[in-house]
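Accompanying notes for the structure given below.
Chain letters run A, B, ... following the sequence lines, proteins first and then strands; every chain starts at 1.
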Amino acid sequence: MKKVFHVMYDDDEKLLVAARELVGKGIHVNEVFSPFPIHGIDPVIGIKRTRLAITSFMYAMTGLTIAVSFMWYTMISDWPMNIGGKPSFSLLENLPAFIPVTFEFSVLCAAHGMVITYLLRNGTLPGMPATNPDPRTTDNMFVMEITTDSNSMNAEELETAIKNTALFELSIKEIK
Amino acid sequence: MQRESAIREPLILGHKTYKDITDDVVGPIMGPAPLGWKIMITISSIIAIYGIGSILYLIGTGVGVWGLNKTVGWAWDITNFVWWVGIGHAGTLISAVLLLFRQKWRMAINRSAEAMTIFAVIMAAVFPGIHMGRIWLAYYVFPLPNQFGSIWVNFNSPLLWDVFAISTYFSVSLVFWYVGLIPDFATIRDRMVKPLPKKIYGILSFGWSGRAKHWNRFEELSLVLAGIATPLVFSVHSIVSMDFATSVVPGWHTTIFPPYFVSGAVFSGFAMVQTLLLVMRKAYKLEDYIHIKHVEYMNIVMIVTGSIVGVAYLTELFISWYSGVEYESYAFINRFSGPYSIAYWTMMTCNVISPQLFWFKKIRRSFVATFIISIVVNIGMWFERYVIIVTSLHRDYLPSSWGEFIPTATDVGIFIGTLGIFLTLFLTFTRFFPVLALNELKTILKSSGESYRNKQVK
Amino acid sequence: MDVGGDTASSDNCPTIDYNTPEESDSSNAMWFLILLILFTVIALSAAGVKRSLTDVIAEKAGEDLLPDTGYLARLGGWAWNNLVMVSLIGIFFVLYGVVVGYSALMDIGIYSNYSPEQPIAFNHSIHVCENEIDCKYCHSSAYDSKHAGIPSANVCMNCHKAIKKGRRTGTEEIEKIYAAIGFDSSTGTYLDGDGNNGKALPQDSYNGEPIKWNKVHNLPDHVFFSHQQHVNVGGLQCQNCHGDVSTFSVGRIAPVEEINTLIDTYPGIIQLSKPALTMGWCIECHNKAEIDLASSGYYEEMHDRLMNSERGNEELRRYLEDEKITVRELGGWECSKCHY
Amino acid sequence: MANNKKYWSGLDELDGTEAFKEIQAKEFQEQIPVDQFLADERHSSTTTGRRDFLKFMGFSLTAATLAACETPVIKSIPYTNKPAEITPGVANYYASTYYDGMDYSNVLVKTREGRPIFIKGNTSTGIGAGKVNSRVIGSVMSLYDKARLDGPTQNGNSTTWDDLDNAMSAAVSGTGRTVVLSNTIVSPSTVKAIEALGAEHVQYDAISYSALRMAQADAFGVNAVPSYHFSKAEVIVSIAADFLNSWLSSTLYAPDYALLRGPERGKQSKHFQFESAMTMTGTNADVRTMIKPSEEGKVAAGLLAALKGATVSNLDAGVIKSINAAAKSLNSSKGKSLVVAGSNDLATQTIVAAINQQLGNYGSTLDLERPSMAYRGDDASVSDLVKDMNSGKISTLITYGCNPSYDLPNADAFNTGLAKVKTSVCMNGVADETAVRSTFVAPDHHYLESWNDLSLNSGRIDLVQPTIEPIFNTRAAQESFLNWSSSENSDWYTFLRRQYNASYTSDAMYSDSDWNSAIHDGTMTGNDSPESPEYTAAIDTTQAERKVASVKGGAFELVTYVKATAGSGNHAANPILQETPDPVSKVTWDNYVTMSKSDMDSMGLNTYIAQEDMGSVVKVTVNGKSVELPAFMQPGQKPGTLGIALGYGRGSNGENIGQAAFQTGEQGEHLTHASGLPMPIGANAYPLTSTSEGYTIYANYDVSIEATGAEYPLACTQIHNTYMGRESVVKETSFDSYLAEAGKKKGEASWNKAHRLNVHEDTNHDGVIDARDKKNTSAFDLWHSHPVEEVGHRWGMTIDLTTCTGCSACVTACNIENNVSVVGKDEVLRHRDMHWIRIDRYYASDFSLEKGDEEGVGVIDSYGRMEDPSENPQTVHMPMMCQHCNHAPCETVCPVAATTHSNEGLNQMTYNRCIGTRYCANNCPYKVRRFNWFNYKGYKKFEHVNPAHDSLARLILNPDVTVRARGVMEKCSMCVQRIQSGKLDAKKSGTPILDGQIETACAESCPSNAIKFGDLNDSGSEVRTISENNRAYHALEEIGVKPNVFYMTKVRNS
């Protein structure tokens, strides 16, 4: 049995101010829904920096390894040919010719790997249901979600605290 | 919330609110198709069909239906390929490089520029395919295991590098573009009332809800993608240029090709962006978002790249003389004095002279002038590739095999056809996709929106 | 060395009924599908049971029942709840599809066990195994031409002039040869174009229908395979590529696995892994087959050239890293050795 | 014999099933068995074509990659009764002899499964060097011409041999004169067979030399063409005699001529040429002087005078200068020189005879001891015959081995006369001009189907033997003669055998060992009866000189000449020869008027011929008769003269002489006149020749020419004529400067300097590293490259530009050996000829960059002027084929590794891997790669030109070479199929490959041995030696692609 407050603001700065205020009061803000990234909101409501960038680097390295080793296998190990007299004896001798493909393939892996991770982590995949509390949050409204269960305060205290901010609309839902 | 100096021109005119931005972009999509759009797409799709017909004729009969011969093995096919790839460079450059440089003005144009990029690259990809003698064996260029030994591909060949470069560039641009589209699809989804479109946009939007965490990841992603895409942009056309630079053909065998091709690509890319945007802003009443300031910025980019290209032309000439290699020097003498000198001088006027006009503020800030020059540049850049390919090939080492190239109806038909297909795709895009990056625009509304700036000034 | 054709001893020769049945490869794919369907049925019914149970419990607790939504909706919900498991299953299916599709593609153009009907139910087993006729008696040009050749009817007649009745098929099959070449079995003489009897030798003028065999070993036209290179120069045994023909009735492409089992009967056979009559098969063998540089003046010359130049020595050392000189090392893997 | 023959590619087609019809059209067809044959139910019957045709298809059609998806059931059908001599897949060679009234060659015929596919010279037992030329090599194509008559005809309707025989025997034995009109018959037995007919026998030659013969007769009493020995002639003066190409027995002269050309001997023959049109011989001359045809006699007279020390007058100063020069060298090498004249004018030939006598050449460089049996045609008697025919004196006319209705100067008169002859029978194989005008046609065998004995001189008798069963219902002409005669034995083979063994009977068919060895060698010694004529009798030339001096020339003079590919006209329907470019003009598929640039400019005609720059059509009128042909700018053409090739305009009345003989349009369709008749290729120039004093004169001293304003496309394989001063492509020098530096090491002589690059090491050991420290480009290598040059074989070629005469025999041979597609005029016009080997013909230009500097002409203009050849240019013929570079630029750029390098130095092209990006062709510095733009063997555009389209002509294809599919690249493979089989033979015999054991088609067919093939790694091989010669160089050495083909600097003795 918990209460969910969806506090709606008509301006990102108002929401930011409100968030600071509430957090200051020790209220935990579950989630913020906005039509565009509100700069500076993350630290306020305690969102950690994403590690996507690192994954992309890892993907790139994987791609690089695959590309080089595959080209070594095909051009030098499995079936070395005399192509225009160019050496096919060792990876080092052939490396210059391999650089373009290696680069391209690394980029390919990095980009796609990263995007796939991003979509999976977000849970944004084709056919997924939209979960924003109010359609206007993709237009011009900014919603803060606060729940009783994630807060020590009881519903009334929360409500008063919220009402003190420059909110535009407030909707309260009860969920078992 | 960042502010910027008041003397800068606002990037979003009119006293827009977040809602206005949404409505300005989503409105046309929800409304009925305008008559002009219907007419244009009819015309372009007719051309497209003609082009597809020519392609089928080509594939059914043989490459001989083109004007190629034993001396000139590539002509319009690869010319068009390089031209389209070049055009396909603006979008990713705008969204990637300008993002890295935090250029706010890009936000009004990057969405459509990227779309243009993707369609252009698709057109480009057509030509290496159909120029093959045996397109039904095109899969040989992929290193697939097989029962022939296995026999693998030749990783020494620039043409194979192309395969990887183009496919990488295309797919990366595509995801980059789409990732940006997802939040805007969500916006449309939530505005749509008709059930079917709502469902479709619902699927397209991947259930985006604009959570703070997602936005956080979103920004990280676009930053890193931009970081990856930037070297990619430069690598792709460098690799295309290596098709020529690594060969022995006098006029191709040139070390400055990579930078020269890349700047040429950006040059032509921006020209094409101008051509399309200037039409689009009128058709879709986007004057407030894409206005003279954006055009001016792009024109400045064109001056820079155009000048680089010009310098490259002159360097080529100088080196050909300075090298003292008779074949090299003859190749270039032949370019400007030989049978194809008209092409050369067209290229020179269009690519070297015309962009220099942008030094004049009046011209730089005139929509009409920009539009005309952008088209001139597109023509010029096509001729650049034609000059490089045909005039180098038709007279190389052995005078006995010096020849000539005369295009056939099929050559022309396929080129025009690709223009048609390209336009059809782009028109479809403008009709059903958010032509502006909504979420990004909204982030700069307060820093660069007219109304808000005025507040600051007060 | 004995080049081909040495056959198993004539006793315990297999008796073969004529159309060798193509063993149907037991596709585990089918089994997999059956299992899959089973699982889904179980899963669904389980879900149903679970649901009704929860309903019962809820009823007991006097709470309202679960909303009565459709299967699909609930499936979707379920999937959404255990995303990881769903995606794992999904990935598994994708991979499985890739594997199946890949192997299907790799099977294109592979004719292992191909054994078409023939106009004459010729029985290799009888001729090779029981009568111990050397392969090259009938396929004589294998030794001095690129083609092994199908024996012309007059070759058959060398024996069948006398042998007019087969043990298994009686006269039926053999009569077909007579019809083709114009042999009158009653008089034991040949006919000529005008139907006159009594010729001692086959008559060119005789106008008979030739025997139209169905080709068994089909190589593409752009492959130039020379029997004499392999049989005469290379000294390969026929069985190395054609399997133990003495167990065949009509011609048939022996699967490589079957050939590999012949190593005991025919020592020296090169065992291969790639499917028979594919380029990979040729390539593989060219990588395994050894060349004895002392075997002929030609190779001695090649050897001298290797010895007499610095680079040649370097090469020779590279060749001999595996203590043997293979066909590949002397260029057996180069395109124009077979394609021109 | 079976008369209901049809050509079918398989049993399906015989039954005419739908399935087959569509398969035929299909581009990709599963292969059909290649290792068995259709049964030959009746060996004696003519089923050869059918038997092998199935086989051909197998090789000819490339399999589609995915055709493998469904298992094709393919019939493979062995013989029922296999001939002992045939092993499937192994070629048999038969010695035979080619003679068509013009060319004479001992040949070896290569047959596969009983089907002739290639003809090469019989160098072991052949007369002279036993070499062949384009026309002889190409002649195999005519065997498979489906236009050949299938059985005798009467008034165009087919009839039976019996009816024909009855009619003819009656006609022959009946009253009235019976005349046999033929070309010169050099076959003793045939002559006897004709004699058996008891009819008059009139011989004539399409290209007549009766004046030359009469000159000998008058002078020395031997009425025959002398035999010439160019191998002994150190000074050669030719007055308009194209002796390397068409003059007399050129197949014998070309090799002899080449013997004295190579400078290594320390001396080189000197060759003066006086001529009007640029002939192939002219392009090889050391000193070439342009004269008008009317001056030929004067030049001869002038030369005689000069030899006697008198001064020469009434000629241009330039001509006189070279006459004196020629006289000087002639005098300096008396008895070792040779003067020949092409003219058929008695006076000129008399003077030339006198010159040779004066120089004491008779008995050494030319003699009459074994007078040639060839060219005994008598122009006078032919004109008499024509008169008699018109006056109705002839009741029966038998034409054999000739085509008078086409090639007589007075063909019209002949035709009207022919109509007056009661019974006329023509023995030509196709319904040509004469055949359609004759009552009967009794088609003769093709020479590859027939028995014959030929004797060029009393020294030897060469044999012609059949290499294939007659394809059509034809009959040996001699057998017809015998049938129509009263002789009891009408079997030609028996008759022939009895000439050499009177007691011959069919039982002894194989037992005569002399005959067998003769058949094996293709020749036997004749009843040698050398005459020893006196060459001393003084020749009175005063009258002749008066006559030649009196000759007046007009504003324009005309010479007719014989092309290397068209011959006298009997090769008109041969697509392979039609597409072989003319050695001089490089034009294919056409006939044209050669003119000098100055004349064309003054007439405002287009001098630049290319895809869209058409030739301007001119109308040449000679005493009433006129032809309309495009004008072609020919450097070296004497201003004021025109040249027109004979042998064109065949089938001008729509005679069905073969589909390749007619013009085709852009879609490959036959172009037709308004009248609906198909347009012949070119125009017939024979009517422009004339007869004076009983001699056919092939020149005309006063013709009128006018531009018609019409335009006509000319398909030229080379549209650019000069080598733009690119000395790393063509290296040439004079004999003197060669001698001056003959001793120098390779790469150091001024005329063959190796390209050197500066290096940062003290290579010249002068203690300092400076600009003088250089290394040869060959010393540089980007990589640790693959071992080709030291290891295993390294197949290579050497090509001597000095001895290459440009005759193009190699081109024809290569086309046939390697199944090179014939693509027709329109495609050649689009620069899409498929030839693997071409002969680049470069003219010298008056201009050069250096000259530009002196005259202060800008570089751009200089290059512009260097494109124009000089008026009378020196010429270089440069055979160009794949150079098989060890660092091949084409290989590195192929994305799918379809072209790779073998450790034997071959640049391998793998058709079945090729996807056709054409990148390799673009990147080939030598532009030798050829792309299959269309499906040449199936696309309708090529149905009239490409042999692979018709089921019969296909039989010529070489089963050992893949016929390339549409969309793949192809190029010279150095006849890898021959290399492979050569290696195989060596392995089988267990011996190393001997030098010369393997020969490529081009090297094999080269009459002057300019092209040599061998193993460069074989220290003993000839190519190795030559490649180390100081004349040897790599074309475009400085780009460092390390080719395996070496060229030898051209040395001119000028």
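Interface residue B/Pro231: backbone and side-chain heavy atoms are both found under 4.5 Å from chain A. Heavy atoms of B/Val163 lying under 4.5 Å from chain A are absent altogether. At a 4.5 Å heavy-atom cutoff, the contact between A/Asp42 and chain B is made by side-chain atoms alone. If you measure heavy-atom distances from B/Val172 to chain A, the contacts under 4.5 Å come from both the backbone and the side chain. For A/Leu119, the part lying under 4.5 angstrom from a heavy atom of chain B is the side chain only. Using a 4.5 Å cut-off between heavy atoms, A/Tyr73 touches chain B through its side chain atoms alone. Looking at A/Phe98, the atoms closer than 4.5 Å to chain B (heavy atoms on both sides) all sit in the side chain, from C-beta outward.
With chain B as partner, the option from A/Met114, A/Glu104, A/Arg121 having the largest number of non-hydrogen pairs under 4.5 angstrom is A/Glu104.
In summary, the aromatic rings of B/Trp215 and B/Phe218 are positioned with their centroids under 6.0 Å apart.
Salt bridge B/Glu220/A/Arg51: absent, no basic N to carboxylate O contact under 4.0 Å.
Heavy-atom proximity under 4.5 angstrom to chain A picks out B/Ser235, B/Val236, B/Ile239 from residues 235-248 of chain B. Proximity to chain A among residues 432-439 of chain B is limited to B/Asn439, judged by heavy-atom separations below 4.5 angstrom. The contact list for residues 128-147 of chain A toward chain B, using heavy atoms and a distance under 4.5 Å, reads A/Met128, A/Pro129, A/Ala130, A/Thr131, A/Asn132, A/Pro135, A/Arg136, A/Thr138, A/Asp139, A/Asn140, A/Phe142 by residue number.
Below 30°, between 30° and 60°, or above 60°: for B/Phe155 and A/Phe70 the angle between ring planes is above 60°, a perpendicular geometry. Aromatic ring pairs are classed by plane angle as parallel below 30°, tilted from 30° to 60° and perpendicular above 60°; the pair B/Phe164 and A/Phe105 is perpendicular.
At least one side-chain heavy atom of A/Ile41 sits less than 4.5 Å from a side-chain heavy atom of A/Ile45. Looking at B/Ile21 and B/Lys19, their side chains never come closer than 4.5 Å, going by heavy atoms from C-beta outward. Counting only heavy atoms from C-beta outward, the side chains of B/Phe176 and B/Ser95 approach each other to under 4.5 Å. Side-chain atoms of A/Ile162 and A/Leu167, non-hydrogen and from C-beta on, do get closer than 4.5 Å to each other.
Under the ring pair (Phe, Tyr, Trp, His ring centres under 6.0 Å) criterion, B/Tyr178 pairs with B/Phe185, B/Phe206, sequence neighbours left out.
Counting non-hydrogen atoms of neighbouring residues, nucleotides and ligands closer than 6.0 angstrom, the NE2 atom of A/His6 exceeds 12 such neighbours. Remark: A/Lys25 NZ is packed, more than 12 non-hydrogen atoms of other residues, nucleotides or ligands lying under 6.0 Å away. The local environment of CZ in A/Phe89 is crowded, with over 12 non-hydrogen atoms from other residues, nucleotides or ligands closer than 6.0 Å.
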Set out, in order, the CA-CA distance, both residues' side-chain angles and the distance that settles side-chain contact (heavy atoms from CB on, under 4.5 Å) for B/Tyr169 and A/Val107, then state yes or no. CA-CA 9 Å; B/Tyr169 183 60; A/Val107 170; over 6 Å; no
